[in-house]
Protein chains: 2
Amino acid sequence: MQIGELAKRAYTQVETIRYYEHAGLLPETARTEGNYRVYDDQHVERLSFIRNCRGLDMSLNEIRVLLRFADAPGASCAGVDALLDAHIAHVTRRIKTLQSLKRQLQRLRKACPEAREARQCGILNELSAHVRPMPGAPAQHAGGTHGIRDA
Amino acid sequence: MQIGELAKRAYTQVETIRYYEHAGLLPETARTEGNYRVYDDQHVERLSFIRNCRGLDMSLNEIRVLLRFADAPGASCAGVDALLDAHIAHVTRRIKTLQSLKRQLQRLRKACPEAREARQCGILNELSAHVRPMPGAPAQHAGGTHGIRDA
DNA sequence: CTTGACTCTGTAGCCGCTACAGGGTTTTTA
DNA sequence: TAAAAACCCTGTAGCGGCTACAGAGTCAAG
């Protein structure tokens with residue numbers, strides 16, 4: 001099968017497949033005489049694996065690790081469990097951060113319960129207050145609320 | 001004051017300030033004879049405003065909108081309220097998405113409660129299952145869990 | 001033999017920075 | 001007075017994970 005067919009079967013864009021090959025997640029395949037990439041069902045499975053992982057918001061690096069386990073079927077999968085635990089912890093932390101962010105935003109929102117002149121807007125005034133140094137970690141806060149365009 | 005002093009006062013990196021100027025969030029300033037940028041307290045306030053907004057995970061575009069309100073102190077601030085409401089809704093949606101993601105991950109995690117051979121790992125096997133087309137929105141899912149490096 | 005659908009490579013853009021390289025200026029120290 | 005250190009400048013490239021071209025080649029159907 002050619003790249004377009006693989007794309008359809010794994011609900012992926014053609015460019016994304018080439019990108020994954022370039023990134024080392026998909027192997028370089030055989031080519032036809034006309035230099036077209038040739039795929040089979042195993043590629044569909046591997047690409048599905050990757051897309052499933054992406055759907056769970058894993059990074060390509062995390063997926064690389066998982067693929068290494070998948071490629072060594074005789075070895076122990078303890079690392080898989082560990083990676084998943086770490087990823088769950090990661091998501092949990094992000095949820096907490098976003099919840100705290102939401103509380104801050106709601107508090108700020110109350111500073112201007114109704115429309116008035118901008119110079120009297122409690123929101124704008126609070127936002128002008130001086131920043132404090134980030135207490136714990138580096139600048140960080142939430143990060144990536146805008147990761148993907150909205151539906 | 002020079003750029004380094006402004007950076008300190010607003011807990012920002014020097015490069016970030018130049019980036020904001022280039023991005024049109026900070027005005028182009030006067031220069032010394034030696035071509036150094038010169039700032040005053042108003043710049044500290046404006047930069048603090050921006051950093052506060054970034055700390056609330058607003059995009060630079062959202063901040064541009066808010067700055068336009070701040071720059072027109074006589075106009076109505078209704079748009080500020082609306083922008084904040086939209087941003088809160090945005091964050092709320094993201095939290096929901098991440099929570100659903102977390103549930104999926106926890107379910108997946110149960111597929112392999114203990115280390116075994118990779119070929120028998122329920123996690124790896126589930127991940128290999130074929131992807132389904134995204135039902136509602138385009139590919140999207142959570143996006144940006146890895147937005148910022150971990151603390 | 002032309003049209004159209006498919007494929008190829010390579011590059012640029014998105015966001016919000018960050019980190020250089022390779023220079024110039026100003027202040028401090030010896 | 002000179003050298004070293006600290007600061008500043010511009011411009012460019014990189015991060016992740018794609019997406020969207022441009023400009024070309026390949027292949028099947030009419």
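To find a chain, count down the sequence lines: A is the first, B the second, and so on, and within it residues start at 1. Computed from heavy atoms alone, side chains included, the values below leave out hydrogens, waters and symmetry copies. Source: prediction; values computed, not measured.
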K.L.:
Are A/Val14 and A/Leu25 connected into the same hydrophobic cluster when the rule is that any two of I, L, V, M, F, W, Y join if their side-chain heavy atoms are below 4.5 Å apart?
P.N.:
yes
K.L.:
Any carboxylate oxygen within less than 4.0 angstrom of a Lys/Arg side-chain nitrogen, looking at B/Glu28 and B/Arg37?
P.N.:
no
K.L.:
Who are the ring pair (Phe, Tyr, Trp, His ring centres under 6.0 Å) partners of B/Tyr39, not counting sequence neighbours?
P.N.:
B/His43
K.L.:
Show me the side-chain donor-acceptor pairs of residues 63-77 of chain A shorter than 3.5 Å, one per line, residues at least two apart or across chains.
P.N.:
residue	atom	partner	partner atom	Å
A/Arg64	NE	A/Asn61	OD1	3.1
A/Arg64	NH1	A/Ala23	O	2.6
A/Arg64	NH2	A/Asn61	OD1	3.4
A/Asp71	OD1	A/Arg46	NH1	3.0
A/Asp71	OD2	A/Arg46	NH1	3.4
A/Asp71	OD2	A/Arg46	NH2	3.2
A/Ser76	OG	A/Ala78	N	3.1

K.L.:
Not counting sequence neighbours, which residues clear ring pair (Phe, Tyr, Trp, His ring centres under 6.0 Å) with A/Tyr20? List them please.
P.N.:
none
K.L.:
Expressed as a whole number of angstroms, how long is the span from A/His90:NE2 to D/dG16:C1'?
P.N.:
13 Å
K.L.:
Quick one, give me the B/S/- string for nucleotides 6-15 of chain C, reading 5' to 3', where B means a protein heavy atom under 4.0 Å from the base and S means that only happens at the primed atoms, P, OP1 or OP2.
P.N.:
BSBB------
K.L.:
Go through the structure and list residues passing salt bridge (charged side-chain N to carboxylate O under 4.0 Å, His left out) with A/Asp40, not counting sequence neighbours.
P.N.:
none
K.L.:
Roughly, in whole Å, what's the span from CE in B/Met1 to P in D/dC8?
P.N.:
12 Å
K.L.:
Note down the inter-axis angle between the two ends of the helix from C/dC1-D/dG30 to C/dA30-D/dT1, five pairs each, to the nearest 10°.
P.N.:
30°
K.L.:
Let me know the distance between CD1 of A/Ile63 and P of D/dG17, rounded to the nearest Å.
P.N.:
8 Å
K.L.:
Less than 4.0 Å between a side-chain N and a carboxylate O, is that true for B/Arg107 and B/Glu126?
P.N.:
yes
